[in-house]
Structures are given as structure tokens and as C-alpha cells.
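Working notes for the structure below.
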Amino acid sequence: MKFETVIQGGKLVYPEKTILADLALAEGTIQKIADPGQLQGKQTLDAGGCYVLPGVIDPHTHPVYLDSISGLSKTAAFGGVTTVIHYAYAKPGQSLIDIIDQYKEEGERTSFIDFALHGGLFETIKQADEIPEAFKRGVTSFKMFVAYAKLGWMTDDYALAKAMDIIGRFRGLAAVHAENGLVIDYIQDRMLAEKADFASRFLETSPDLAEAEAIFRSVYLGKLMNCPVYIPHIASEEGVEVIRYLKQRGMHVYAETCPQYLSLTWDELKSKGPLGKVGPAIKTQTDQDALWSAIREGLFDTLGSDHAPKDKNPEDDFFKAAYGSPEIETMLPVVWHQGVNTGRVTPNDLVRLFSENPAKVTGLFPRKGRLETGSDADIVIFDPSETWTVAHANQHSNAHYTLFEGKKLMGRVKKVLSRGRLIVDGDAFHGTPGYGQFIPTRAGNWPYNV
Ligand SMILES: [Zn+2]
């Protein structure tokens, strides 16, 4: 029997093992896994000397800035990401359902890779009433901010309790941007009154303790409302300490960190001014080391890019500049370089964090997240020995910069398949707009399986 595609000679990576085996693909799925040399395909892809990874599932993307759903999905694919979960942000005055419908429509028309959606609530007290309808549309996770009070994005405890109560009853998942918004506003106001230099004192406006406090509060309120909680982009050692405590207490909480917190420090970024302004802030070497230790300890469930490229320049007013940076294309190679090449983690740890766990947290497993017979053929062929240098010129985001400019990495994405179709082949892109499918989630149940 001849399959559509056979991937030959690579090392298949699973959370619990690495095996030398070939993969046969047809009709968008993995049909067979066999000892090397046993399978025949109309098309053969040579993975000799390479790792074969399940495609990265990025649970944290924002396709509304310089990269639209289309552009984001392309730069994602070049980074080995085959499923993105966008935050569909409903701003004050907007309907959550209208926004979900708009993202879904745009994604089905333009996305090069599969996608799912989280709801994002900015006027939670009203928009929470739309959550039951969102579940019917396959959206089962909802993000709120307890940060950014002055910007008008903050959800107060009353509205948070209401939303968590509803989400919990529908067995979904609440994601919380955990930094205490009112306290940070006070600190910023005090600094404004002092005419402080925000560029040099950025870390004071994103305090570790304000993150730790907000993580603790969000997860305890979730417990009270019987609602699991997902904490995106944990950036500090204090945040990690609270996660450890909560997990030891058996709380239903998922923890995410991002490549920028695992690879950069504010000291290195200072000279780039607003380009390095992301929220929460990229902090100190001590924080970065604590995040890596926590990964080794198993405290983190997922990695997400928080890809949010904005139009910024180093000379812009730092205080007024927007938070966010382009991250999705560099995520896998940067974390691989900082983690695997330094011996901190194994390739197996990374496929757990990048693929299998995000699929389980969002209910996409086992269709996504693992190289298994019957699963979608979302596959990355990764060469661990190729050395290359990150430059804006070799990236595909519309951002005019990357925080990793000039960074030398070992390990590179060579080929990417989305549901069996080769969409990235070295520098060449073979994606088709609208090929990506909307995938409904069933978030928050793993490992409780309620
Ligand atoms: Zn984000």
C-alpha cells in the first residue's frame, strides 16, 4: 500500500520517549507508525538527522495588531506552530458573540493553519451573560484582566466571580491576566508625579508581588466559584512560588510562561526602549532562572507566545508605548536553544509543553498534540544541528523588528505539515488561505476529566 506521504528516518519525539520510526500520512491524519524503511509513499520526506515533533499548539495569540489572522498564521507556520488559539477580544460596548463570529469568519476565510478561539472579556459584567452562547459556538475558555484598570480593561472581583460562576457551571476555563491593576496604577501615578523616567524604571511598574497577589486571588476566587483557572504569561519568581503553593494545595490551575521570559532580561532589552515593553515585564536573570527551575519541576503546563507585534520605535515615549512583541516564529527555536542546548530540559519536555499539554488543557487532544495513529498530521521536522542567526529579514511577521535580532541559535524548523500538507519547506511557503479550520475546544477538564 502506498500512502500519500511518508516521513522517513527521523526521531519521533513524545513526552515519555523518543523513537526512530517512519510516519505514513493520508487524508490529513497519521495512518501508520512503523520501523524505519517499512512504509511507502507517493511523496517521501527525508527527516534523517532530524527530530520529528508534533506541531506546536500556541494557546496565546493576538491577531489584531501588525499581524492579522492570515499573517499571524503564516509567521506561526514558519515557527513550527500548526494550531493557534487566538484571544477574541470584546472591547467595552462590543458583543462577545459578535467578536467570536468575526474571528471565526476571518479565520475560516484566511487562516493558513487550524485555529481555535478563547473569548476575551473587557466589560465582563455585561459580556459574561454571553458566555453560554459562546459555548454553543465551540468557545469554552475566557480571558479577563485584573490588570490595566486605567485602560478600562480591568474586571473587578464582583464581575470576575460572576463570570467564573457561569464558566464553572458550563465546565469551561477562566484565563486571567494576573497583575493587580489598581496597585500598578497607583505606582504609575506616583511615578508620573515624580516625573520619573519610565524607560529606566519599567520593572517598578510590573512588580513581582502584584503578579503573585493576582495569581493567588484569581485562583482562590476560581476555587470558590468552582471554576478552573489558567494563568498566562507568568513572568516572575514570586509568581512561580504562588503557583507551587496552589498546585501543592491541589487547586485546578494551569500555568503558562512565554519564550521571552525564558530567554531575555530587562537589562539586555533596556537599550531597545519601548520595543522591549511587554506586559508583564521581562524581568531579571533571577526570575528567568526561577522559571526554568519551575519548568524542570513540572510546575508549568504550557508555553505560549503572547504574539502581539505593535508599531513601536526605540525613541517613542516609553510610558505611552503599547505592550507587546512579535514572538511566535522564534518561540520553538529560542526555547529549544535556551532549554535543550543548555541541558535544562529534553526535547521530550518541550513536546509536552508545546504540544501535548496545550491540546489537553483545551480539549483538542488526541486530535492534536501527539504523533499518534488517527491524530491530525500536524508535524514539524526540526534539525537540531543547524546553526543560524535570527534577523528581522528572515522573519515573516509584519513587525519591523524582533527582540532576538542577532541571536545565534542552534536548531531550526525545516519542514512543517498541517493536516498532512507540506506548508513550510525551508524558505518556501505553500500554505493556502482558508485551509485552516476552526476547531471547537473543550477547555479546562484535563486532568480532572469532569
Ligand atoms: Zn497576551
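Note that ligands are numbered from 1 as they come in the structure, with each ligand's atoms numbered from 1 the same way. Numbers here are sequence positions counted from 1.
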(request) Check whether any N, O or S atom of H233 sits under 2.8 Å from the Zn ion (ligand 1). (result) no
(message) Are H86 and H62 an aromatic pair, judged by ring center distance below 6.0 Å?
(response) no
(request) Measure from the Zn ion (ligand 1) to every N/O/S atom of H60 and report the name of the nearest one. (result) NE2
(message) Does R370 qualify as a cation-pi partner of Y14, given the criterion of NZ or CZ under 6.0 Å from the six-membered ring centre and within 45 degrees of its axis?
(response) no
(request) Check whether the ring centres of H118 and Y87 lie less than 6.0 Å apart, and answer yes or no. (result) yes
(message) With a 6.0 Å cut-off on the ring centroids, do F135 and F170 count as close?
(response) yes
(request) Work out the angle at the Zn ion (ligand 1) between OD1 of D306 and NE2 of H62, rounded to 10°. (result) 90°
